[in-house]
Asker: 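The structure is given below, and queries will be raised subsequently.
Since the model is a prediction, treat every value here as computed from it, not as a measurement. Below, chains carry the letters A, B, ... as their sequence lines are ordered, and counting in each starts from 1.
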Number of protein chains: 2
Amino acid sequence: MGQGEYELFWGDRSRPGRGRPPGLSREGIVAEAVAIADAEGLQKVSMKHLAERLGSGVMSLYRHVPGKDELVILMYDSLMAEPLPEPEADTLRDLLLAWGRAVKDMLTAHPWALKVATSHRSMGPNEAAWLDATLARLDAVDMPPRLAMIAILTVDYFALGAVRPEIGGSESSEELFRFLADPAVNSRFPHLARMAAPGSQPEPPLDDHFEFGLGLVVDGLERYIESAR
Amino acid sequence: MGQGEYELFWGDRSRPGRGRPPGLSREGIVAEAVAIADAEGLQKVSMKHLAERLGSGVMSLYRHVPGKDELVILMYDSLMAEPLPEPEADTLRDLLLAWGRAVKDMLTAHPWALKVATSHRSMGPNEAAWLDATLARLDAVDMPPRLAMIAILTVDYFALGAVRPEIGGSESSEELFRFLADPAVNSRFPHLARMAAPGSQPEPPLDDHFEFGLGLVVDGLERYIESAR
DNA sequence: CGATCAATGCGTATGAGATACGCTATTTAG
DNA sequence: CTAAATAGCGTATCTCATACGCATTGATCG
């Protein structure tokens, strides 16, 4: 997926009065696909399975969606149909924290969305609206637009990465470093072994450092912006 | 992909003297798969195509690799077979910058690897060695192990995200915001439009803010660590 | 030195999945 | 009422991964 999706999001979708009226709708299809992905995972979203859920034929879906890849992109954008949650306060710091948390919350509510978020894709109207809303608020606290965008992206990048271990469930830090259980192996990686040793370290825990790391990233941004004034 | 790959990386792969000697090797298969991915993209790495390149039958590959998913994981780990590049200096800052740049360089050299890096997967020996090397150096400048790990991960998350636009080629910021060209559309996103307006902003450019953003992230980490002392 | 064994090479068959094509059904415009 | 336009969808095709079983090839052992 990735390019030439201009038509997908922004193309003319009006219908002349003529012709058989649609029984299916793009919105309904996308919503059902999201429901499947939420309940059974993204890999269970097949055109066949989806059509069965909707009580339609497989090929009918293609009247409303160009193909599977595009469907997935629409699914992702639909997750941002609700307006961006309000920040606690209109300070630079709170705005950036709110952005990071909004992204995190969306992804933890829909774990399958992470792989879409980190793929090459074009931006849909809902994602654009989220971005525009935060840019507007940063503008209100006198952030230059392009710097504001960079701040948002930097927080975004961190959030996408830091959410991954939290989503993976079984892939907690214990699972990730399971190979260290074997002495013949962990002796090859002494520092890794010491770091992962349970209980040996106090704070912060490895598999829940989202807030901690987010704070660090926002610190860096805040300092730069203040010093640039 | 994602769990139960302990055997893949750490299982016993010794061969008794008996039996037909292998004509193929896991290393050769993985190397050829990497060559295909580098030249034609990851989606062109099929068992069929790979077998043709190697002059072997498709099913022969399965004697050396459990399956396609595992092959991709092996491909990724093989990218870190070379030891981690040396940092410019052994300071906290340079060590973290070096980590971020090493990750970026690996991913720009092998664009297909980004999607593997951001999928749920287990860690292989080469990746573990990279991590251990940086943990060792951070230990040498008195970073507590777990905090060191968090610093590395935070830089890693940023790097994985920030590399994405640079890799996407066609997906430069111009392409990403192409929908803003339509006045009927961009009026819905005024702040986005102003931010993306070409030439209106001086520095830094959107599609090459890796170093800039990396510096900000490392700043945040550095400040925290210094203040914690 | 030949029989046996163990591991590899690989052809064939299977099944899942996406989707092109073209026919049929259902409306409305004229 | 007829023609035009559009939706629904069965069938066929193509791409892939991979399970199964047989053939192949050396090493080991009697």
Asker: Between Asn126(B) (side chain) and Leu79(B) (backbone), is there a donor-acceptor pair under 3.5 Å?
Answerer: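 Such a contact is absent between Asn126(B) side chain and Leu79(B) backbone.
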
Asker: Give, for atom CD1 of Ile29(A) and atom CG of Leu50(A), the distance between the pair rounded to the nearest 0.5 Å.
Answerer: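 Reported value, rounded in 0.5 Å steps: 6.5 Å.
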
Asker: Within the structure provided, determine whether Arg121(A) and Val72(A) are in side-chain contact (heavy-atom separation under 4.5 Å).
Answerer: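 No, side chains not in contact.
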
Asker: Report yes if a side-chain nitrogen or oxygen of Ser60(A) is closer than 4.0 Å to either non-bridging phosphate oxygen (OP1 or OP2) of dC9(D); otherwise report no.
Answerer: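 For dC9(D), OP1/OP2 do have a side-chain N/O of Ser60(A) under 4.0 Å.
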
Asker: By nearest nucleotide on DNA chain C, pick out whichever of Pro16(B) and Ser56(B) is the more 5' one.
Answerer: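 This one resolves to Pro16(B).
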
Asker: OG/Ser78(A) to CD1/Ile73(A) distance, rounded to the nearest 0.5 angstrom?
Answerer: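 The CD1 atom of Ile73(A) is 12.5 Å from OG of Ser78(A), to the nearest 0.5 Å.
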
Asker: Tell me the interatomic distance from Glu70(A), atom CD, to dA18(C), atom P, rounded to whole angstroms.
Answerer: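 Distance, rounded to whole Å: 12 Å.
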
Asker: Does a side-chain N or O from His49(A) land closer than 4.0 Å to OP1 or OP2 of dG17(C), or not?
Answerer: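 False: His49(A) side-chain N/O out of range (4.0 Å or more) of dG17(C) OP1/OP2.
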
Asker: If you count the non-hydrogen atoms of other residues, nucleotides and ligands that lie under 6.0 Å from CD in Glu211(B), is the total more than 12?
Answerer: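 Yes, the 6.0 Å shell around CD holds more than 12 heavy atoms from other groups.
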
Asker: Please state how far atom CG in Leu71(A) lies from atom C1' in dT19(C), giving the value in whole angstrom units.
Answerer: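 It works out to 14 Å between those atoms.
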
Asker: If I take atom CG in residue Leu61(A) and atom C1' in nucleotide dC9(D), what distance separates them, rounded to the nearest angstrom?
Answerer: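 Distance check: Leu61(A) CG to dC9(D) C1' gives 10 Å.
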
Asker: Output the rounded distance in Å from CZ (Arg63(A)) to P (dA5(D)).
Answerer: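 In whole Å, dA5(D) P lies 14 Å from Arg63(A) CZ.
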
Asker: Rounded to the nearest angstrom, tell me the gap between atom CG in Leu50(A) and atom P in dT19(C).
Answerer: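 Atom CG in Leu50(A) sits about 12 Å away from atom P in dT19(C).
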
Asker: Hey, can you pull the residues of residues 34-43 of chain A with a non-hydrogen atom under 4.0 angstrom from DNA chain D?
Answerer: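 Hits under 4.0 Å, by residue number: none.
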
Asker: Where do N or O atoms of nucleotides 11-16 of chain C meet protein N or O atoms at under 3.5 Å, pair by pair?
Answerer:
none

Asker: Answer whether the closest heavy-atom distance between the side chains of Asp77(B) and Phe9(B) falls below 4.5 Å.
Answerer: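 SC-SC contact between Asp77(B) and Phe9(B) confirmed.
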
Asker: Can you confirm whether more than 12 heavy atoms, excluding those of Glu52(A), are under 6.0 Å from its CD atom?
Answerer: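 Yes, enclosed.
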
Asker: Taking the side chain as C-beta and beyond, is there a heavy-atom pair between His191(B) and Leu131(A) under 4.5 Å?
Answerer: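 Sidechains of Leu131(A) and His191(B): no contact.
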
Asker: For a 4.5 angstrom cut-off between non-hydrogen side-chain atoms, does Leu160(A) reach Arg164(B)?
Answerer: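 SC-SC contact between Leu160(A) and Arg164(B) confirmed.
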
Asker: Does Ala37(A) have any side-chain contact (heavy atoms from CB on, under 4.5 Å) partners at least two apart in sequence or in another chain, and if so, which?
Answerer: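 Partners of Ala37(A) by the side-chain contact (heavy atoms from CB on, under 4.5 Å) criterion, ordered by chain and then number, come out as Leu42(A), Val45(A), Met75(A), Trp112(A).
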
Asker: Hey, does Ser46(B) reach any base, or is it just sugar-phosphate, or nothing, if we go heavy atoms under 4.0 Å?
Answerer: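 The residue Ser46(B) makes sugar-phosphate contact but no base contact.
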
Asker: To the nearest Å, give me how far apart CD (Glu52(B)) and P (dT15(D)) are.
Answerer: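 Rounded to the whole Å, the gap is 12 Å.
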
Asker: Out of dA7(C), dC9(D), dT18(D), which nucleotide sits closest to the side chain of Met47(B)?
Answerer: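 When the side chain of Met47(B) is considered, dT18(D) is the closest of dA7(C), dC9(D), dT18(D).
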
Asker: For Glu166(B) and Phe210(B), work out which heavy atoms get closest and say how close.
Answerer: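 Distance-wise, the nearest heavy atoms are OE2-CB, 3.3 Å.
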
Asker: What's the CG-C1' distance between Leu54(A) and dG8(D), to the nearest Å?
Answerer: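 Result: 13 Å.
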
Asker: Can a salt bridge be assigned to the pair Arg137(A) and Glu86(A) using a cut-off of 4.0 Å between side-chain N and carboxylate O?
Answerer: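 Yes.
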
Asker: Tell me which residues in residues 22-33 of chain A put a heavy atom below 4.0 Å from DNA chain D, sorted by number, or none.
Answerer: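 Heavy-atom contacts with DNA chain D come from Pro22(A), Gly23(A), Leu24(A).
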
Asker: How would you list, by chain and number, every residue that makes a side-chain hydrogen bond (donor to acceptor under 3.5 Å, both in side chains) with Asn186(A), sequence neighbours excluded?
Answerer: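 Counting only residues at least two positions away or on another chain, Asn186(A) forms no side-chain hydrogen bond (donor to acceptor under 3.5 Å, both in side chains).
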
Asker: From NE2 of His64(B) over to P of dA7(C), roughly how many Å is that when rounded to an integer?
Answerer: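 That distance rounds to 13 Å.
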
Asker: Please determine whether a side-chain nitrogen or oxygen atom of Lys48(A) lies at a distance below 4.0 Å from atom OP1 or OP2 of dG17(C).
Answerer: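 Checking dG17(C) against Lys48(A), no side-chain N or O comes under 4.0 Å of OP1 or OP2.
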
Asker: Report each atom pair, protein N/O against N/O of nucleotides 24-27 of chain D, whose distance is under 3.5 angstrom.
Answerer:
unit_1, atom_1, unit_2, atom_2, d
dT24(D), O2, Arg20(B), NH1, 3.1

Asker: Given 3.5 Å as the limit, does a donor-acceptor pair link the side chain of Trp99(A) with the main chain of Thr134(A), or not?
Answerer: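 Not a single qualifying donor-acceptor pair exists.
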
